[in-house]
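Since the model is a prediction, treat every value here as computed from it, not as a measurement. Whatever order the structure lists them in is the order used to number ligands and atoms, beginning at 1.
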Amino acid sequence: MLFLSVNVLSLQAGAPPAHRASRHAVVRAAAADYLKEIEQGPPDAILGIAANFRASTAENKVNVAVGAYRTNEGVPWVLPSVREAEQRILAAGKNKEYAPIEGLGDFVGHAMEFAYGKDCAALKEGRIAAVQTLSGTGACRIAGEFYSRFLPRGTATEVYLPDPTWGNHVPIMGNAGLQVKRYRYLNRKTNGLDIDGLLADVEAAPDGSVFLLHACAHNPTGVDPSDAQWGAISKAILAKGHHVLMDCAYQGFASGDAEADASAIRRFLDDGHSLLLAQSFAKNFGLYGERVGTLSVACADAAEKERVMSQLKLIIRPMYSSPPIHGALIVSEVLGDAALSKQYYGECASMAARINEMRTLLRERLEAAGSEHDWRHITDQIGMFAFTGMDAAMCDRLTDEHNIFLTRDGRISVAGVNSGNVDYIAAAVHDVTKGKSIGA
Ligand code: LMR
């Protein structure tokens with residue numbers, strides 16, 4: 001016991017207020033002195049800003065920091081299909097037993113069909129190893145660990161992340177022990193894909209490196225490769241014997257059609273890549289807090305799949321034992337019922353459509369406010385974010401002077417924009433960008 005109470009009386013029920021207050025005064029054992037040496041860590045680049053938003057008392061505060069869907073009224077939305085599934089689960093009186101280490105089999109089966117397609121040959125051949133994970137973050141972490149353990153160069157392996165990428169990718173891969181590198185992704189002058197830079201970096205990387213690709217709705221840029229560019233990327237990666245980790249956090253948010261958004265995943269599987277897929281149901285099912293996702297590994301045959309599964313379980317068991325079941329039951333119930341699944345696809349499309357309307361409105365209102373910048377990229381980009389080209393100083397002014405909370409890389413979560421705040425956001429963005437250049 002490290003903490004010694006100085007006043008036992010103070011712990012007794014009914015002690016006078018003065019004594020009760022003193023029960024918090026403790027003498028600490030010297031063994032705990034190492035804690036004094038611990039430095040204050042920096043806040044998270046995304047969730048730290050969300051915490052600042054919550055702490056702000058400004059009446060006009062706006063949260064466009066976190067990639068989480070909001071309705072036009074600015075509130076979170078529980079999809080009606082998800083509510084219906086929850087009611088069915090409750091009515092069925094399901095128990096609260098542990099899931100197996102690899103998660104709920106039904107859920108994983110539906111999740112795989114959602115990503116790879118119902119007619120996927122590799123699924124039918126039983127050669128996709130797949131486990132339930134703690135959403136996409138957990139899937140990426142397990143993937144990093146798997147690469148560290150089993151790639152021939154182990155922790156010496158370079159993992160190439162797009163520049164820019166979701167901020168958390170960097171520590172996830174670093175914590176898994178891999179060497180984190182970057183490949184060119186965004187051309188900041190055109191706000192489009194730097195395909196030449198990307199292909200040159202694929203070519204220059206040591207053979208057998210890992211390339212992390214965003215399957216669709218790239219976070220934070222909203223810039224995805226075209227079909228032809230995906231083809232060129234696939235070819236270049238195959239030629240170098242690189243491994244691919246696809247991170248799919250926004251299936252359904254790019255085009256509004258979850259099937260169409262899976263096309264890069266399906267192409268890379270068909271092209272025969274060394275492929276891992278991290279899948280999240282946070283955004284497209286609105287199951288943020290349920291932490292529900294999968295990690296899958298494309299294997300050569302069913303026997304290889306069994307061996308891979310055994311190792312994935314050995315990674316998971318000492319890390320968190322087994323995943324939570326509620327979110328997985330919901331996804332399973334929705335995708336396992338033809339009518340509910342159809343309803344779900346419509347609801348997902350409606351979220352993407354509202355975000356697209358807000359892109360158009362934001363650009364229109366910026367232009368109407370008198371901004372002379374070219375804001376076409378806001379409507380060209382897809383998915384949840386607008387990567388505006390604003391620098392950190394502009395973002396700081398938006399927060400300090402206008403109470404608009406966003407990440408300091410200039411990313412706006414368009415899901416946080418609505419018809420009630422779009423004029424305010426546009427006027428504020430115009431205020432901090434007028435007379436200054438944006439982008440590169
Ligand atoms: C985001 O990029 O805002 C989301 O993916 C939330 C998160 O965990 O960072």
Side-chain angles (χ1 to χ4, degrees), residues 41-54 61-70 74-77 133-144 161-176 180 185-186 212-224 245-254 261 277-295 320 323-324 327 348 351-352 355 358-359 381-388 390 392 395 398-399 404-417 425:
D44 183 78
I46 299 174
L47 301 185
I49 292 174
N52 293 346
F53 170 81
R54 285 194 297 274
K61 65 180 179 175
V62 174
N63 183 3
V64 285
V66 181
Y69 185 76
R70 299 283 177 267
V75 293
W77 192 42
T133 55
L134 304 183
S135 205
T137 307
C140 286
R141 183 64 178 83
I142 306 285
L161 309 177
D163 178 21
T165 192
W166 178 50
N168 210 18
H169 280 147
V170 178
I172 289 173
M173 292 301 153
N175 285 3
V180 176
Y185 192 82
L186 184 72
L212 185 149
L213 304 171
H214 296 225
C216 63
H218 183 272
N219 177 6
T221 67
V223 173
D224 282 357
L245 170 58
M246 281 255 181
D247 187 1
C248 186
Y250 293 90
Q251 191 183 341
F253 267 94
D261 287 359
L277 172 68
Q279 181 186 32
S280 162
F281 289 97
K283 329 278 179 174
N284 50 9
F285 273 70
L287 291 172
Y288 304 92
E290 299 290 356
R291 313 312 291 144
V292 56
T294 69
L295 175 71
Y320 56 87
C348 180
M351 291 193 282
I355 289 177
M358 290 305 119
R359 287 183 183 282
Q381 294 165 353
I382 53 174
M384 216 178 232
F385 304 108
F387 201 60
T388 61
M390 288 188 288
C395 297
L398 274 182
T399 306
I404 296 175
F405 291 77
L406 74 169
T407 51
R408 298 183 73 235
D409 57 1
R411 184 189 84 166
I412 284 181
S413 173
V414 187
V417 181
I425 296 172

Taking atom 5 (O) of ligand 1 as the reference point, the nearest protein heavy atom with its distance: K283 NZ, 2.9 Å
Proximity flag N168 to ligand 1, non-hydrogen atoms under 4.0 Å: no
Separation of L295 CG from L134 CG (nearest 0.5 Å): 11.5 Å
Nearest-neighbour protein heavy atom for atom 7 (C) of ligand 1, which is reported as residue plus atom name and distance: W166 NE1, 3.6 Å
Within 45° cone and under 6.0 Å: R411 NZ/CZ vs F385 ring: yes
Test of ring centre spacing under 6.0 Å for H218 and Y185: yes
Side chain, backbone, both or neither: the part of R411 lying under 4.0 Å from ligand 1 by heavy atom: side chain
Enumerated ligand 1 atoms positioned under 4.0 Å from heavy atoms of Y250: 5 (O)
Residue I46 vicinity, atoms of ligand 1 by number, heavy atom under 4.0 Å: 2 (O), 3 (O), 9 (O)
Within-4.5 Å side-chain heavy-atom neighbours: I412 and M390: yes
Contact check, side chains of F253 and C216, non-hydrogen atoms, under 4.5 Å: no
R70 vs V75 side-chain heavy atoms within contact, under 4.5 Å: no
N/O separation below 3.5 Å, G67 to ligand 1: yes
